[in-house]
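Every chain is numbered from 1 and lettered A, B, ... according to where its sequence line falls, protein lines coming before strand lines.
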Protein chains: 2
Amino acid sequence: MTKKDYSSLYLEKQLCFPLYAASRLTTKIYEPLLNALDITYPQYLVLMVLWQEEELTVNEIGSRLFLESNTLTPLLKRLEQKGLVTRQRAAEDERKVLISLTKEGNALKRRAVNIPEQLIANFNDESITEKEILQFQTTLKKLVGLLSDSMKK
Amino acid sequence: MTKKDYSSLYLEKQLCFPLYAASRLTTKIYEPLLNALDITYPQYLVLMVLWQEEELTVNEIGSRLFLESNTLTPLLKRLEQKGLVTRQRAAEDERKVLISLTKEGNALKRRAVNIPEQLIANFNDESITEKEILQFQTTLKKLVGLLSDSMKK
DNA sequence: ATTGAATATTTAGATGACCAAAAAATAGAG
DNA sequence: CTCTATTTTTTGGTCATCTAAATATTCAAT
């Protein structure tokens, strides 16, 4: 009786677990900076989309973040309550809900603009080179593209 | 009046957003396979830890997955309800709760062992080479190590 | 015009992740 | 030995994510 090889099930061998861990840990790193703006990380993502495009429907925001409208609806309501966005049915097609930045939502952009550099400042670590990070980012984006394509099927 | 540069806030420039997207998308890819075993992705992670170590305290599981006990407690209760693990106070230190696999929990390992290869089979894509994935995995692990170190401070 | 399919959003219910605080047990200092 | 501090887990509350189902609007075909 030979023992079966279960090494494929080791956490260290998998890609998915470190992705899951890295995602949660990076979100945590953002937290103190986002607390200062009184927003959460997913809310920050939605705002980043809107800072680029001003007015979008719920689904349009979702397609950029790979989120469905049922996740976004309550999140957007919270952003509306904070006075950062408005939600109104589109006149030309009342199925759609247009999300727009308020003046306050737009103003928050100026307070957020320093966040990326503040994070990078925490990471002047010699063990990972700039070049390695860029390569990593390239593969990561490819991976996201592949995964999202394979979801559509 | 010159316009401020907000390009640092573009989603594409950041590392955190694609990590977040990749994590969620990979979890989704696992879903149909895990549904067949009647477990969720975080439950699968806990089981993978236990398949390697048989019996651990709540905190010991948490340290491997970067999760706190307040996240694990309800999750472990659900695994207990499914009959996959047992939870009992340690005799030598009754503050600790020992989590052990049941016979069923151990048996599930045999049904899970094919999951990794089934996933890889979906990904015979030419746009990413094996070598690139290995490099990616290396950097990802380094990143997780850095992030978790920086949390401890 | 009316019916039926497709599209867009919302709601409901379950799980999970996080913080803060409480509860329970142990360890340590005097 | 007792009191306080520490460790470990649980509880309660909020937000986020997912599936499935409900609602409302638009479009297409007859």
Record whether the side chain of A:Arg95 comes under 3.5 Å of the base of C:dT9 through a donor-acceptor pair of N or O atoms. no
Expressed in angstrom and rounded to an integer, what is the separation of A:Glu31 atom CD from C:dA17 atom P? 15 Å
Output yes when B:Lys82 and B:Glu104 qualify as a salt bridge under the 4.0 Å nitrogen-oxygen rule, no when they do not. no
Using 30° and 60° as the class boundaries, would you call the ring planes of A:Phe66 and B:Phe17 parallel, tilted or perpendicular? parallel
With a 4.0 Å cutoff (strictly under), does any side-chain N or O of B:Arg87 reach OP1 or OP2 of D:dT8? no
Just the rounded figure in Å: distance from C1' of C:dG16 to NZ of B:Lys77. 15 Å
Find the distance A:Lys96:NZ to D:dT23:P and express it as a whole number of Å. 23 Å
C:dG16 OP1/OP2 closer than 4.0 Å to side-chain N/O of B:Thr40: yes
Given D:dT17, C:dT9, D:dA16, which nucleotide is nearest the side-chain atoms of A:Gln43? D:dA16
At 4.0 Å (heavy atoms only), tell me whether B:Thr27 reaches a base, stays on the sugar-phosphate, or touches nothing. nothing
Rounded to whole angstroms, how far apart are CD1 on A:Ile61 and P on C:dT10? 11 Å
Which of the following nucleotides, C:dT9, C:dT26, C:dC19, is nearest to the side chain of B:Glu94? C:dT26
For A:Gln14 and B:Pro116, work out which heavy atoms get closest and say how close. NE2-CG, 3.6 Å
A:Asn70 (side chain) and D:dT19 (base): donor-acceptor pair under 3.5 Å: yes
Using atom CD1 of B:Ile99 as one end and atom P of D:dT9 as the other, report the distance to the nearest whole Å. 8 Å
When you check the phosphate oxygens OP1 and OP2 of D:dT9, does a side-chain N or O of B:Ser69 lie under 4.0 Å from one of them? no
Between atom CG in B:Leu76 and atom P in C:dT15, what is the gap in whole Å? 14 Å
DNA chain C: 5'-proximal contact among A:Pro74 and A:Leu25 (nearest heavy atom): A:Pro74
Send over the distance from B:Arg24 CZ to C:dG16 P, rounded to a whole Å. 16 Å
With respect to the side chain of A:Pro42, which nucleotide from D:dT25, C:dT11, D:dA16 is positioned closest? D:dA16
For D:dT17, does OP1 or OP2 lie under 4.0 Å from any side-chain N or O of A:Thr71? no
So, A:Arg87 side chain and A:Ile99 main chain: donor-acceptor pair closer than 3.5 Å or not? no
Out of C:dA8, C:dC19, D:dT9, which has the shortest distance to the side chain of A:Asn59? C:dA8
Examine D:dA16: is either OP1 or OP2 under 4.0 Å from a nitrogen or oxygen in the side chain of B:Tyr20? Give yes or no. no
Residue met sooner reading DNA chain D from 5', once B:Lys28 and A:Ala91 are mapped to nucleotides: B:Lys28
With a cut-off of less than 4.0 Å, is there a side-chain N or O of A:Tyr41 near OP1 or OP2 of C:dC18? no
Given atom CZ of A:Arg89 and atom P of D:dT23, what is their separation to the nearest angstrom? 14 Å
Students often get this wrong, so: under 4.0 angstrom with heavy atoms, is B:Leu67 touching a base, only sugar-phosphate, or nothing? sugar-phosphate
In the single-linkage hydrophobic clustering (I, L, V, M, F, W, Y; side-chain heavy atoms under 4.5 Å), do A:Leu56 and A:Leu98 co-cluster? no
Taking the side chain from A:Thr26 and the backbone from A:Ser23, do they hold a donor-acceptor pair closer than 3.5 Å? yes
